[in-house]
Amino acid sequence: MKTTRAWQLSVKDILIMSSSRQRPHLKRPVWIIVLVTFVIIFLITAYVYPPTSSAACYIFSSRDCSTLFNQPPTFPSRELSDDETISQVVIKEILKTPPILSKNSKIAFLFLTPGTLPFEALWAKFFHGHEDRFSVYVHASKEKPVHTSHYFMGRDIHSENVVWGKISMVDAERRLLAHALLDPDNQQFVLLSDSCVPLHNFDYVYNYLMLTNVSFIDCFVDLGPHGTGRYSEHMMPEVEKNDFRKGSQWFSVKRQHAIIIMADSLYYTKFRLYCKPNMDGRNCYADEHYLPTFFNMIDPGGIANRSVTYVDWSEGKWHPRSFRAPDITFEFLKNLTSIDDSVHFTSDPKKRVITSPCLWNKVKRPCYLFARKFYPETLDRLMMHFSNYTMV
């Protein structure tokens with residue numbers, strides 16, 4: 001009330017001062033007053049009532065726009081096509097079917113590599129003593145790998161050529177999953193590259209994955225040109241723009257979700273046809289968008305919206321940072337094992353960085369079990385520090 005009275009008195013004083021001056025009568029610029037008033041009302045309305053479009057959100061809102069477009073999906077109000085109906089029936093049946101319990105549950109480690117794996121010796125150290133709790137599958141897309149560890153010998157699967165950024169990357173992932181699903185004891189499926197290394201000991205990794213009921217599929221909203229800017233309207237009506245998500249391809253999925261990936265043909269076909277480089281003048285990469293979008297649509301509560309494989313995108317380049325031998329110190333590795341916040345870098349106009357706590361069974365825990373990209377020259381230093389940095 002005092003503030004209002006003071007403001008009113010100030011206006012009165014101004015009017016008195018104006019009337020006391022001997023100046024000719026001028027026509028007041030009413031249109032300027034109206035325009036300023038309209039702008040003020042518009043900005044207040046935009047702040048109080050959040051905008052519902054991505055462009056308006058980033059222009060007018062001071063809030064985190066990612067949360068606006070990360071709401072649980074709603075059932076389509078339109079009539080579903082036959083393919084969509086069939087897909088939903090199959091997916092719902094799989095989701096409501098209780099998992100088959102195994103007396104000897106294992107983790108399937110799926111290595112996607114162009115050729116020889118440079119860190120087999122490190123992985124052998126990681127696997128040693130746990131032979132009945134894991135299995136290994138290797139997809140070598142360019143040349144037959146030369147194995148140095150018995151854990152990898154005889155574990156190569158039929159492989160096809162993989163081209164970076166194309167659907168062949170997803171095809172290789174599905175091929176690895178299919179082979180691993182043949183073993184009913186495999187309950188968790190971890191996709192790894194030739195430049196991946198373990199950050200914890202085997203027991204820690206095993207318990208982290210087996211004692212939770214979610215899949216670790218990276219999934220976030222990027223409203224910039226490298227996110228929803230890659231969306232093609234050809235994906236309509238099955239995949240709408242508001243459903244389009246982005247994420248790292250390096251997943252860890254439970255058996256139930258692995259089967260769903262194998263069963264899907266509808267959404268996979270949409271991404272095979274309409275998410276590829278130079279599509280309508282845009283570069284869309286299926287390995288970054290297919291699984292995040294798919295699971296955001298069909299089982300958003302069943303994924304953690306983060307990966308368990310650390311990748312450093314802070315340099316803002318097309319490819320993540322790669323680590324050299326001088327980078328490998330005990331302090332550096334220990335720091336990676338203790339990171340407990342997930343960070344996503346967006347390409348929107350404000351270059352927003354989305355940070356969220358890494359929750360494991362609703363409790364904050366370290367985010368990462370593995371890390372990439374490491375050059376082969378780092379092997380000796382990694383071997384030297386392994387026993388120390390993997391201690392819990």
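In what follows, every heavy atom counts, from backbone to side chain, and hydrogens, waters and symmetry copies are set aside.
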*Report the relative orientation of the aromatic rings in Phe119 and Phe374; use parallel for angles under 30°, tilted for 30 to 60°, perpendicular for over 60°.*
perpendicular

*Are His179 and Tyr137 an aromatic pair by the rule of ring centers under 6.0 Å?*
no

*With Asn207, which residues qualify under side-chain contact (heavy atoms from CB on, under 4.5 Å), at least two apart?*
Leu211

*Please, which pairs that meet disulfide (SG to SG under 2.5 Å) have at least one residue in residues 231-348, sequence neighbours excluded?*
Cys275-Cys284

_Closest approach of Asn201 to Thr390 (non-hydrogen atoms, all atoms of both residues)_ = ND2-O, 3.2 Å

*Show the numbers, then the answer: is there a ring-ring contact (aromatic ring centres under 6.0 Å, His included) between Phe370 and Trp250?*
CA-CA 10 Å; Phe370 317 100; Trp250 309 107; over 10 Å; no

*Can we call the ring centroids of Phe111 and Trp123 under 6.0 Å apart?*
yes

*Report yes or no: does Arg174 contribute a side-chain atom to a donor-acceptor pair with the main-chain N or O of Ile261 at less than 3.5 Å?*
yes

*Can you tell me if Glu377 uses its side chain to pair, donor with acceptor, with the backbone of Arg324 under 3.5 Å?*
no

*Verdict with reasoning, Phe134 to Tyr151, per ring-ring contact (aromatic ring centres under 6.0 Å, His included)*: CA-CA 10 Å; Phe134 73 90; Tyr151 294 120; 5.6 Å; yes

*List for me each residue that meets disulfide bond (SG atoms under 2.5 Å apart) alongside Cys367, sequence neighbours excluded, and say none if there are none.*
Cys358

*Is there a donor-acceptor pair under 3.5 Å between the side chain of Glu120 and the backbone N or O of Ser149?*
yes

*Salt bridge check: are Lys364 and Asp341 linked by an N-O gap of less than 4.0 Å?*
yes

*asked:* How long is the straight-line distance from CE of Met236 back to NZ of Lys241, given to the nearest 0.5 Å?
replied: 11.0 Å

_Could you check whether Asp83 pairs with Lys270 (Lys NZ or Arg NE/NH1/NH2 to Asp/Glu carboxylate O, under 4.0 Å)?_
no

*Would you please classify the geometry between the His344 ring and the Phe220 ring as parallel, tilted or perpendicular, with 30° and 60° separating the classes?*
parallel

*Please check if atom CG in Asn361 has more than 12 non-hydrogen atoms from other residues, nucleotides or ligands closer than 6.0 Å.*
yes

*Heavy-atom count around Asp132 CG within 6.0 Å, excluding the residue itself: above 12?*
yes

*Is it true that Arg245 and Asp218 have a side-chain N and a carboxylate O under 4.0 angstrom from each other?*
no

*Side chain of Asp183, backbone of Asp185: donor and acceptor closer than 3.5 Å?*
yes

_Check: Val136 main-chain N/O paired with Arg155 side-chain donor or acceptor under 3.5 Å_ = yes

*Would you find a donor on one side and an acceptor on the other, under 3.5 Å apart, between the side chain of Ser342 and the backbone of Ser356?*
no

*Taking atom OH of Tyr389 and atom CZ of Phe330, what is their separation to the nearest 0.5 Å?*
11.0 Å

*Partners of His234 by ring-ring contact (aromatic ring centres under 6.0 Å, His included), sequence neighbours excluded?*
Tyr274

*Cation-pi check, Arg133 onto Tyr206 ring (under 6.0 Å, within 45° of axis)*: yes

_Pair Tyr231-Asn242, side-chain donor/acceptor within less than 3.5 Å_ = no

*Sequence neighbours left out, what pairs pass disulfide (SG to SG under 2.5 Å) with at least one residue falling in residues 292-354?*
none

*Any idea how Phe202 and Phe127 line up, ring-wise: parallel (<30°), tilted (30 to 60°), or perpendicular (>60°)?*
perpendicular

*Gap separating the CZ atom of Phe295 from the CD1 atom of Ile91, nearest 0.5 angstrom*: 8.0 Å

*salt bridge (charged side-chain N to carboxylate O under 4.0 Å, His left out), paired with Asp222, selected from Lys351, Lys246, Lys350*: Lys246

*Cationic tip of Arg381 within the cone over Phe332's six-membered ring, i.e. under 6.0 Å and within 45° of the normal?*
no

*Main-chain N/O of Tyr290 paired to Thr293 side chain as donor or acceptor, under 3.5 Å*: no

_Test of understanding: with ring-ring contact (aromatic ring centres under 6.0 Å, His included), list the residues that count as partners of Tyr285, not counting sequence neighbours._
Trp164

